[in-house]
Amino acid sequence: MAKTKTNTEDYLRMYKQMVRIRSFEDNANQLYLSAKMPGLTHMYSGEEAVAVGICEALTDDDRITSTHRGHGHCVAKGANFREMFCELLGKEEGYCRGKGGSMHIADQSHGNLGANAIVGGSMGIATGSALRAKLQGADDVTVCFFGDGATAQGLLYEVMNMAALWNLPVIYACENNGYSEYTKTEEIAAGSITARAEAFGIEAHQVDGQDVMAVNELTQKLVARARKGEGPFFMELMTYRYHGHHVGDINREYYRSKEEELDWKENRDPIIKFRGWLVEQGIASEGEIEVMNAEIKKDAEEAVEYALAAKYPAESEVDMHVFAD
Amino acid sequence: MAKTKTNTEDYLRMYKQMVRIRSFEDNANQLYLSAKMPGLTHMYSGEEAVAVGICEALTDDDRITSTHRGHGHCVAKGANFREMFCELLGKEEGYCRGKGGSMHIADQSHGNLGANAIVGGSMGIATGSALRAKLQGADDVTVCFFGDGATAQGLLYEVMNMAALWNLPVIYACENNGYSEYTKTEEIAAGSITARAEAFGIEAHQVDGQDVMAVNELTQKLVARARKGEGPFFMELMTYRYHGHHVGDINREYYRSKEEELDWKENRDPIIKFRGWLVEQGIASEGEIEVMNAEIKKDAEEAVEYALAAKYPAESEVDMHVFAD
Amino acid sequence: MRNITLSQAVNEAFAEEMRRDETVFIIGEDVAEAGTPFKILSGLVEEFGTERVIDTPIAEPGFMGLAVGAAMTGSRPVVDLMFGDFIFLIMDQLCNQAAKTHYMSGGKMNAPLVVRTNMGATRRSAAQHSQSLHALVAHIPGLKVAMPSSAYEAKGLLKSAIRDNNPVVIFEDKLMYNDKAEVPEEEYLIPFGEANVKRSGRDITLIGTSSMVQVCEAAAEILAKEGIEAEVIDPRTIVPLDEETLIASAKKTSRVIVVDEGHQSFGVTSEIASRINEKAFYHLDAPAMRMGAMDVPVPFSPALEDITVPTPEGVAEQARKLMSGEMIHAA
Amino acid sequence: MRNITLSQAVNEAFAEEMRRDETVFIIGEDVAEAGTPFKILSGLVEEFGTERVIDTPIAEPGFMGLAVGAAMTGSRPVVDLMFGDFIFLIMDQLCNQAAKTHYMSGGKMNAPLVVRTNMGATRRSAAQHSQSLHALVAHIPGLKVAMPSSAYEAKGLLKSAIRDNNPVVIFEDKLMYNDKAEVPEEEYLIPFGEANVKRSGRDITLIGTSSMVQVCEAAAEILAKEGIEAEVIDPRTIVPLDEETLIASAKKTSRVIVVDEGHQSFGVTSEIASRINEKAFYHLDAPAMRMGAMDVPVPFSPALEDITVPTPEGVAEQARKLMSGEMIHAA
Ligand SMILES: Cc1ncc(C[n+]2csc(CCOP(=O)(O)OP(=O)(O)O)c2C)c(N)n1
Ligand SMILES: Cc1ncc(C[n+]2csc(CCOP(=O)(O)OP(=O)(O)O)c2C)c(N)n1
Ligand SMILES: [Mg+2]
Ligand SMILES: [Mg+2]
């Protein structure tokens, strides 16, 4: 594992945040399977080290833009379980008063500009947030999360060109989980993803997305440099999603093997790896870790119960918020 | 000058085609200045070696897509002066019955799929033509012309990705004339244009766009390889436009100097250079060249007269051709 | 006659047309092995191979552009656009390029392609996966727009679309993929521009598009019990629009409601109502009324989403108002 | 009062708003030194610098996306879209992102931005540089749409657009850039959703948008000589639409023509006519009639282009028909 400059408290928070994401997703998946959740949703499980490693290098003033697979980013950027589950269930107390749902969950208060149901749809938004920072002389940095599949959208190259020309404080974080829907990355991406960024004069790095410390260390460095006007940067994070493309994608052997899934889960799980390291380094004991895990599990379950019992928005809300005053 | 495999006849045709483009543009410019031409138009003068060097490596079955600066491509691909001038004047005998005009001139019969008033708008069309060739087992190649400014459009990267993944017989020909409208290329293009193509796994070349033989030689090689399924390819052709962005762009010192213009016209003119070589090699005498020039001049003037006298389409044509039968 | 789902009907239409015409191919995201997320195209790649059922990267403007170029040079591509909401991404290639090719070239070139996509809310898919955007393309000269209301229509209209020499956009309602209807074994086409009178009646005309045809039929059932005889018409294509049939019905019944799932304002209902008002005005007892979806982005929450779209009860209620002359006081 | 051109009025609106509010910036192609191809923004970069008058690469989806992100985080960007026809390129960012941000976030975020673009044919710019596409954006909930009809309106509406907390699209007619009108020296705003009765009359209501206001006024002049008193109304914004003023006029005159330069079918005229028919039906002597541009791509040839758009003579002719009751036989 790579070394980071964080201290014990930081390590434990990173661990907890990863477990919180996993717990959130396990509960969301259950809600779907038990038909208690409206619509579909995309699980982040397996990719926790990416969101956490990155978001732990950011402050609340830094912004992120998220994707259709956005619960992990939302938790990592500081969101609460209750408001998140309420949103997934379309309840009034949700982050978006139930109007957004899983694919549009956003958390203004922690700088999460929102998930996006248009693949690639938030690349402009992230870059525009960085432009705003530069124009207003603010020193916040914006991280743009997107998948390997999203690299096929031309918008990425348009905004990278402008970010590079104008040295914008934006970090493009490509979560390469090997698939876009039911298609392998190599079938939809010619050449090299990092070389594409480099061709626009953007410094690009490939990093192991299952290693939360490696991700965090690199992000800390890049964020610090971006704050000084040395951006933009590009990161390709090699990772894996454990579930199907969405919760309903159950039979997936036609596009990827069970062995492959098992290999990632058993040998490259970001939580197991980091937990092992924490214990090995004496930062936490197995017992302490079990206590943390249990607490998080309880929190998540309580939040689910709360959300299930919460109110739907009143019908009169239907035509509110079309226009701001 | 680079060596090509063409013979005397080919050399003379290349020369004539370049002069034909220049003559066409001189007349078009005159028509505008004397208020005989409706609308605006973009002059190709200065860039003749690009269109001619490339199109002389193509057959009538090969396709091209053109741009807002499209007269040069149209002439080089084999079009007639009369139908072209008729089109520029909105006359019934124009290539598009007057409905397209300068920015949409097309010449089906020679494989010119048309100019395009959307910068970058034809990148998909060219790549789609190449996809059709591959699917139908045809061995034609499609050349996609576009400017340096057009490299900012995301569409380029989307279609290059697909062309690379599927080995399509398409050649992307970027006419880098140093400007997009009133802005220098370096202000709008970060990194390297050829590296962008290479990042998608596409072989890319930069070539002197004022040297018709260099352009032609490279194109011949790439076309032959593309026919065999070794495509796609990318060419960046370094060139210069003599006139303003469009015919009305007269005072342009605020974005480029007269000296710069003069330097290109005097020292890097593609016609002067090639003429010198032809004489030097004994392929044509000065006298023979003057005869060719005079003939072309006469042809162009006659075509202008013809077009000025030609009929407009009948009003009843206005709602014809909205739908094909 | 056998009953098959809309999804099967679309699949059959493709299989038949691809067998008939070698130049037809399908291009889009996850259309091959996956057969689309809705599994509509399952089996086609097995029969026609990956050269004719082409999986693309996630690049809607790009593959739409490829389709235009392929169509202009001799192929008949069908673009599979996974959600109708993504039409915003392909507007330039569809509306600036494909729609205008024939006209701008003075009739010398054309772009015979199909964009097959969907529409329809109430699936809890939220604002970017629930829109019904057919009014936008209908506004652009050079594009035809088909809106199948059942498996039968879906098959016949898609086959006609593939054979049409123009760009055609066909919107399927994603909630209807499992709806079954009688579909003949033998081949048939449904011509464009011919409305279908689904139910005849003398008191009021209900014009519905896509799934709103079913809403109108259900409303007609409700009304029938109250002694109101509603005529239900499905235009099947909104471009071209079978004005004649619609106007004849309006003249007969003297009352009209137009129901469509696109946003009401600046939408399809406005167009159809306007044409009827213009051409049947003096036969009408009440204005031709519009019922579109609410002018709000589609909300995620089930508590809100369902009230944004027209329902049989809502249509029946509006019909009662028109019948009772209540409009006179409103207008 | 002084007379200035529409182009100067727009320039002044920017200068005033950019002085007033530091968060306002302009982004687009060749907006800085070149001041746009129409030279409308000349001088602004000298006063506000290249950080607030930002030249972009030719990447409309990209810089529109940047504007959305900047707007969501505290700036007030104005996107300069060189030709209205390029709106097809920015539809996703405008309609899927900007328009829905406020709603999807349950009112917690918003995107206060302006897209300033143009419309209008008869400039011999052919099919991809002549479209009037405002109907498309008007159909999307969450977007406001302003259509200035003179220099006075252009300034007042643009200033209001910049201050609005929502995405606003403003369409200037590119043929009117040199048209002069009285514009006060003192600051003023024109509120959205307030129609302007340009001329009052009792016989017929002519509703025009953008340059069609002038067409309606010219038609009213022609009609006045024949003893027909036309009322001319400019809605100024089509979203929000001042239904009240339009309907009151329709009730008064009992005859209405709606004139707009977008394609007629599925266009703005259909919406306005529908609302009037629905809400003033029993006061009308004839159907509210639509006059939009022809449903054809804009042809290049001058011999064809001019006949695609409404003219004063055409409007007057249609008004005469309505007055003479000729519609009764037609409808
Ligand atoms: C513009 C657009 N096209 C297609 C889709 C459908 N879609 C949703 S997720 C997805 C795959 C995205 O792959 P990737 O970017 O790798 O993200 P991942 O799901 O792997 O996290 C697709 C095609 C969409 N939502 N938006
Ligand atoms: C999509 C689009 N954006 C902007 C324009 C306006 N425009 C026309 S030509 C041009 C510059 C193009 O530059 P380049 O691609 O380098 O071609 P060149 O004119 O130099 O040949 C611009 C911005 C347009 N026609 N289309
Ligand atoms: Mg992926
Ligand atoms: Mg250029």
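None of the values given here were measured: they were computed from a predicted structure. A note on names: the letters A, B, ... follow the listed sequences, proteins ahead of strands, and every chain is numbered from 1.
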Examine whether an atom of [X] lies under 4.5 Å from a heavy atom of chain D, and if so say whether it belongs to the side chain, the backbone or both; otherwise answer neither.
{"X": "Ala314(B)", "result": "backbone"}
{"X": "Leu155(B)", "result": "neither"}
{"X": "Val119(B)", "result": "side chain"}
{"X": "Leu88(B)", "result": "backbone"}

Derivation and outcome, side chain to side chain donor-acceptor pair (under 3.5 Å), residues Thr127(B) and Tyr172(B) = CA-CA 9 Å; Thr127(B) 312; Tyr172(B) 298 101; 2.9 Å; yes
The reported gap from CD1 in Ile307(D) to CD in Glu315(B) (rounded to nearest 0.5 angstrom) is 4.0 Å
Which distance, rounded to the nearest 0.5 Å, do you find between the CG of Asp295(D) and the CZ of Phe266(D)?
->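 If I round to the nearest 0.5 Å, the distance is 9.0 Å.
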Do you know which of [options] has the most heavy-atom pairs with chain B at a distance under 4.5 angstrom?
{"options": "Pro299(D), Ala126(D), Ala32(D), Ser301(D)", "value": "Ser301(D)"}
{"options": "Arg123(D), Met294(D), Glu29(D)", "value": "Met294(D)"}
{"options": "Leu304(D), Asp30(D), Val296(D), Leu89(D)", "value": "Asp30(D)"}

Sort by residue number and list every member of residues 238-256 of chain B having a non-hydrogen atom under 4.5 Å from chain D.
->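 Within residues 238-256 of chain B, the residues under 4.5 Å from chain D are Tyr254(B).
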Taking all atoms of both residues into account, what is the closest heavy-atom pair of [X] and [Y], and its distance?
{"X": "Ser270(D)", "Y": "Gln264(D)", "result": "OG-O, 3.5 Å"}
{"X": "Cys174(B)", "Y": "Thr151(B)", "result": "SG-CG2, 3.8 Å"}
{"X": "Cys144(B)", "Y": "Ser122(B)", "result": "SG-O, 4.1 Å"}

Can the ring centroids of Phe38(D) and Phe83(D) be said to lie less than 6.0 angstrom from one another?
-> yes
Do Phe24(B) and Tyr44(B) have ring centroids that are under 6.0 Å from one another?
->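 When the ring centroids of Tyr44(B) and Phe24(B) are compared, they turn out to be at least 6.0 Å apart.
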Best-contacting candidate, [options], against chain D by heavy atom pairs under 4.5 angstrom:
{"options": "His104(B), Glu317(B), Glu187(B)", "answer": "His104(B)"}
{"options": "Asn116(B), Leu89(B), Ile118(B)", "answer": "Ile118(B)"}
{"options": "Ala150(B), Gly120(B), Gly98(B)", "answer": "Gly98(B)"}

Under 4.5 Å heavy-atom distance to chain B, tell me which part of [X] shows up: side chain, backbone, both or neither.
{"X": "Glu60(D)", "result": "both"}
{"X": "Phe86(D)", "result": "side chain"}
{"X": "Ile58(D)", "result": "both"}
{"X": "Thr308(D)", "result": "side chain"}

Side chains of His73(B) and Thr67(B): does their closest heavy-atom pair fall under 4.5 Å?
-> yes
Less than 4.0 Å between a side-chain N and a carboxylate O, is that true for Asp55(D) and Lys184(B)?
->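 A salt bridge is absent here (no side-chain N lies under 4.0 Å from a carboxylate O).
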Under the ring-ring contact (aromatic ring centres under 6.0 Å, His included) test, residues paired with Phe171(D) that sit two or more places apart =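 With neighbours one apart ignored, the set is His134(D).
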Has Lys39(D) got its NZ or CZ under 6.0 Å from the middle of the six-membered ring of Tyr182(B), at an angle within 45 degrees of the ring axis?
->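 Yes; both conditions hold, so Lys39(D) lies above the ring face of Tyr182(B).
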Run the salt bridge (charged side-chain N to carboxylate O under 4.0 Å, His left out) check on Asp306(D) and Arg124(D) step by step: do they pass?
-> CA-CA 9 Å; Asp306(D) 291 343; Arg124(D) 320 302 175 219; 3.0 Å; yes
